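Since the structure comes first, as structure tokens, the remarks are kept for the end.
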Amino acid sequence: RAKATGKSRYKVFSKKLHEMTHDALQLENDLKEAVEKNQLQLYYQPVVCAKSEKIKGFEALLRWSHPTRGMISPVNFIPLAEENGLIIPIGQWVIEEACRQLKKWHLSTEFARHMSMSVNISSRQFMHNDLEQTIINALDAVELSPDFFVAELTESSVMEKPESVIGQLNRLKKTGIRIAIDDFGTGYSSLAYLKRFPLDYLKMDKSFVDEINANHENMEIAKAIITLAHNLDLKVIAEGIERMEQLEALRCLDCNFIQGYYYSRPVDGLQASQLIEGWGDI
Ligand code: C2E
Ligand code: MG
Ligand code: MG
Ligand code: MG
């Protein structure tokens with residue numbers, strides 16, 4: 001009896017596994033097509049100065065509008081693209097598209113001319129030796145100065161082998177772009193490396209901001225991250241601010257920039273243009 005149960009369990013398991021594999025393969029093929037068929041799209045979320053409330057710039061966030069599955073979140077396909085290498089052409093397209101969009105805003109609106117564009121770079125993309133050239137080419141193609149470009153690298157992708165990434169970080173930095181550490185606080189950072197890395201921004205992870213008003217420990221962590229960053233001459237961008245009281249708490253702690261639904265969800269290029277217009281030159 002036990003054996004039969006085991007067998008039928010195995011059958012169910014095997015069927016499930018088969019479906020999953022089939023699903024994953026299908027998704028992989030679809031992703032290849034997505035690049036060619038222009039199903040990938042960038043959304044943009046404003047990064048706002050905590051004091052002046054002016055828009056400092058935007059973060060480009062990738063979206064995949066799948067013909068049958070609808071909008072697929074990057075958390076569900078970036079890992080796949082990392083695995084199969086598609087992240088390289090996809091990442092290149094993201095860099096180029098983000099630069100084109102920023103240039104349009106610079107040209108169309110006088111007070112948008114100071115705005116920057118932040119682009120997420122995955123760890124495989126970061127290790128790929130063409131990255132600097134890809135970024136330089138994209139900036140040159142639209143005649144944008146490199147200091148408008150912010151490369152966001154996650155804490156885990158730079159801290160995994162910190163000694164070997166220093167060279168790559170320095171090469172990136174030499175192009176004149178800015179470098180941000182994304183999701184800061186969720187991994188393990190060596191403070192010694194943090195000091196040696198050529199960084200410009202720390203992006204404090206949403207998890208510390210969520211309960212900043214109710215949870216005393218989160219307030220203390222946020223305070224410690226901001227103090228650390230400022231002592232290292234870095235600016236802090238807080239992620240995931242949804243409520244006014246979070247903004248106020250972060251302002252008191254001298255946080256430099258704010259990003260989150262409180263100001264705007266990520267929106268498509270057209271809506272972001274309208275957002276810029278509506279914001280005005282405050
Ligand atoms: P991330 O870079 O940390 O981006 C922040 C994520 O938080 C975004 O999710 C954004 O939509 C979301 N978010 C922003 N404000 C709020 C808020 O107030 N509340 C909540 N609940 N969420 C907020 P999204 O767009 O789904 O992106 C998820 C992750 O996927 C990104 O995290 C980034 O790691 C990755 N990603 C997105 N676009 C790209 C890309 O072009 N290339 C690569 N390599 N990774 C990307
Ligand atoms: Mg990011
Ligand atoms: Mg982040
Ligand atoms: Mg995050």
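All residue numbers refer to positions in the sequence shown, counting from 1. Each ligand, and each atom within it, is numbered from 1 in the order the structure gives. Keep in mind it's a predicted model, so treat the numbers as computed, not measured. The basis for the numbers below is simple: all heavy atoms, side chains too, and nothing from hydrogens, waters or symmetry mates.
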(message) Heavy atoms only, cut-off 4.0 Å: how does T154 contact ligand 1, side chain, backbone, both, or neither?
(response) neither
(request) Give the numbers and elements of all ligand 1 atoms closer than 4.0 Å to a heavy atom of G260. (result) 15 (N), 18 (O)
(request) Report yes if some N/O of E242 lies less than 3.5 Å from some N/O of ligand 1; otherwise report no. (result) yes
(request) Determine, for E248 against R251, whether the closest basic-nitrogen to carboxylate-oxygen distance falls under 4.0 angstrom. (result) no
(message) I'd like to know if the Mg ion (ligand 2) has an N/O/S atom from T154 within less than 2.8 Å of it, counting both backbone and side-chain atoms.
(response) no
(message) Using heavy-atom distances only, which candidate in L62, I90, L61 approaches atom 41 (O) of ligand 1 most closely?
(response) L62
(request) Run the contact test for R63 against ligand 1 with a 4.0 Å cut-off on heavy atoms, strictly below, and give the result. (result) yes
(request) Check each of F184, F126, Y261 against atom 17 (C) of ligand 1 and report the one with the nearest heavy atom. (result) Y261
(message) Rounding to 10°, state the angle centred on the Mg ion (ligand 2) that links OE1 in E152 with OE2 in E59.
(response) 90°
(request) Angle at the Mg ion (ligand 3): provide the value between OD1 of D182 and OD1 of D183, rounding to 10 degrees. (result) 90°
(message) Could you check whether R196 pairs with E163 (Lys NZ or Arg NE/NH1/NH2 to Asp/Glu carboxylate O, under 4.0 Å)?
(response) yes
(request) Return yes when E82 approaches ligand 1 closer than 4.0 angstrom through a heavy atom, no otherwise. (result) no
(message) Using a strict threshold of under 4.0 Å (side-chain N to carboxylate O), is an ion pair present between E143 and K103?
(response) no
(request) Would you check if the Mg ion (ligand 2) lies under 2.8 Å from any N, O or S atom of E239? (result) no
(message) Test of understanding: given a 4.0 Å heavy-atom threshold, classify the contact between Q45 and ligand 1 as side chain, backbone, both, or neither.
(response) side chain
